[in-house]
Number of protein chains: 2
Amino acid sequence: MIALEECLIFLLAKAYQHVNSVARTRLESFGVTPTQYALLHVLWEHGPQSGAALGARLRLDSASITGLIDRLAHLGLVERSPDPTDRRVSLVALTIRGAELQAPLQEAIAAFNAELDAILGAAESARLRALLRGLISAYPLPTR
Amino acid sequence: MIALEECLIFLLAKAYQHVNSVARTRLESFGVTPTQYALLHVLWEHGPQSGAALGARLRLDSASITGLIDRLAHLGLVERSPDPTDRRVSLVALTIRGAELQAPLQEAIAAFNAELDAILGAAESARLRALLRGLISAYPLPTR
DNA sequence: TATAAGTATCTTGTATACAAGCTATTTCAA
DNA sequence: TTGAAATAGCTTGTATACAAGATACTTATA
């Protein structure tokens, strides 16, 4: 019987669970979750765009994106507006408050990255990231 | 701005998401999810035990364990019975059907592990597992 | 151009996870 | 021994995620 602790899938699940839990506490004072940070990050970097574009960049399906935008809109960090060129599309853009959060939130994430680097060592951390990228590219998510 | 693809937390999230999605399809024909497999695995290995013991082994809180046992009981793979020595406790045990699934399910998981090893290479896979264990032990989950 | 195909969003249902709080029960301590 | 603290399990509420399907709109094709 192969122990659970030897199965990559369960190690991945628990490592994600632990690290995500810590990341959540590091972002707690800003009122956003790691996933919500990721969506804001895409808007900071690439500007207003449709939910479909956000979903493609974050690899989330439409149901997840709908809920994520709903919650960020409720927090007053993003807002939806109709796309004048395609009435199916609603464009998602940062609000003033969403834009203002960029600097402090990125500082918090940078500090958390540094914390993880300190735990693993810079070289090991880089190696881990490379291995994870290998896994991700080996199993591209289905295009739904 | 640190790219999301450079952040360990987001790489972990996506690697887990991808690998879990594939693992789910590998177990689909058995009617169980990877998380449900993990609970069954603990019962195969350690025998009947309380929900609290299962939660400690799987690092899941009581709400998650309650739902997980509910679903496995509904599938007819485990059953709850009162602990005669402590009336707070309900012992969780495999049913006949749950026990019968051990061999085929473990074969499927072994095949999936082999699949991941083939993608990464055995040495890289072992290294990845070691790095993930390092992360897990660096951030022990709170004892709730 | 009329229709088929494709796309964007949303909805519903299921499965994890965590936080917080409740009840019943047990254990510990003054 | 009795009142406080701890424990087991459950419930509720929130946040992801995916599957499947509905609707509205756009694009491509016959």
Side-chain angles (χ1 to χ4, degrees), chain A residues 9-10 12-25 27-28 31-39 49-56 58-75 80-92 141-144, chain B residues 9-10 12-25 27-28 31-39 49-56 58-75 80-92 141-144:
Chain A
I9 170 66
F10 298 112
L12 261 181
K14 291 305 147 181
Y16 166 64
Q17 185 180 332
H18 287 222
V19 174
N20 189 248
S21 158
V22 177
R24 182 182 301 267
T25 69
L27 297 180
E28 204 165 34
V32 301
T33 66
T35 302
Q36 290 167 8
Y37 170 90
L39 191 145
Q49 56 197 284
S50 70
L54 288 165
L58 296 171
R59 294 167 175 276
L60 295 176
D61 80 352
S62 66
S64 304
I65 281 290
T66 296
L68 194 49
I69 296 172
D70 282 351
R71 288 182 287 275
L72 285 167
H74 188 258
L75 290 171
R80 279 184 257 237
S81 60
D83 183 332
T85 71
D86 187 336
R87 284 188 295 170
R88 292 170 303 178
V89 175
S90 76
L91 292 173
V92 181
L141 284 184
T143 58
R144 260 191 312 278
Chain B
I9 171 66
F10 298 112
L12 260 181
K14 291 304 146 182
Y16 166 65
Q17 184 180 332
H18 287 221
V19 174
N20 189 248
S21 158
V22 178
R24 182 181 300 267
T25 69
L27 297 180
E28 204 165 35
V32 300
T33 65
T35 302
Q36 290 167 7
Y37 171 90
L39 192 145
Q49 55 196 286
S50 69
L54 288 165
L58 296 172
R59 295 169 176 274
L60 295 176
D61 80 352
S62 67
S64 304
I65 281 291
T66 296
L68 194 49
I69 296 172
D70 283 350
R71 288 182 288 274
L72 284 168
H74 188 257
L75 290 171
R80 279 184 256 236
S81 61
D83 182 332
T85 72
D86 187 337
R87 284 188 295 171
R88 292 170 303 179
V89 175
S90 76
L91 293 172
V92 181
L141 286 184
T143 60
R144 262 190 311 278

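Both backbone and side-chain heavy atoms feed into the values below; hydrogens, waters and symmetry mates do not.
As a whole-Å value, the separation of B/Lys14 NZ from D/dC18 C1' is 12 Å. In this entry the distance linking CG of A/Leu60 with P of D/dA19 reads 12 Å, nearest Å. Rounded to whole angstrom, the span from the CG atom of B/Leu12 across to the P atom of D/dA17 amounts to 13 Å. Atom CG in A/Asn20 sits about 12 Å away from atom C1' in D/dA17, given to the nearest Å. One atom, CG of A/Leu39, and another, C1' of D/dT16, lie 13 Å apart when rounded to the nearest Å. Rounded to an integer number of Å, the gap from CG of B/Leu54 to P of D/dA8 is 12 Å. As rounded to whole Å, 11 Å separates atom P of C/dT16 from atom CZ of A/Phe10. Atom CD1 in A/Ile9 sits about 13 Å away from atom C1' in C/dT16, given to the nearest Å.
Between B/Gln36 and B/Leu27, every side-chain heavy-atom pair lies at or beyond the 4.5 Å cut-off. No side-chain heavy atom of A/Leu54 sits under 4.5 Å from any side-chain heavy atom of A/Leu68. You'll find the side chain of A/His18 stays beyond 4.5 Å of the side chain of A/Val22, heavy atoms only.
Listed nucleotides: C/dT25, D/dT26, C/dC18. Nearest to the side chain of B/Ser64: C/dC18.
Under 4.0 angstrom from either OP1 or OP2 of D/dA17 there lies at least one side-chain N or O belonging to A/Tyr16. Between B/Gln17 and D/dC18, a side-chain N or O to OP1/OP2 separation shorter than 4.0 Å is present. Applying the 4.0 Å criterion to OP1 and OP2 of D/dA24, one finds that A/Arg87 has every side-chain N and O outside that range.
The backbone N or O of A/Arg59 sits less than 3.5 Å from a side-chain atom of B/Gln17, completing a donor-acceptor pair.
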Using a 4.0 Å heavy-atom cut-off to protein, can you give one letter per nucleotide of nucleotides 7-15 of chain C, 5' to 3': B if the base is in contact, S if only the sugar-phosphate is, - if neither? BSBBBB--S

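The OG atom of A/Ser90 sits 6.0 Å away from the CD1 atom of A/Ile69 when rounded to the nearest 0.5 Å. Separating the CZ atom in B/Arg71 from the OG1 atom in B/Thr66 is a distance of 10.0 Å, to the nearest 0.5 Å.
The shortest heavy-atom contact between B/Leu12 and A/Ala15 is CD1-O, 4.0 Å.
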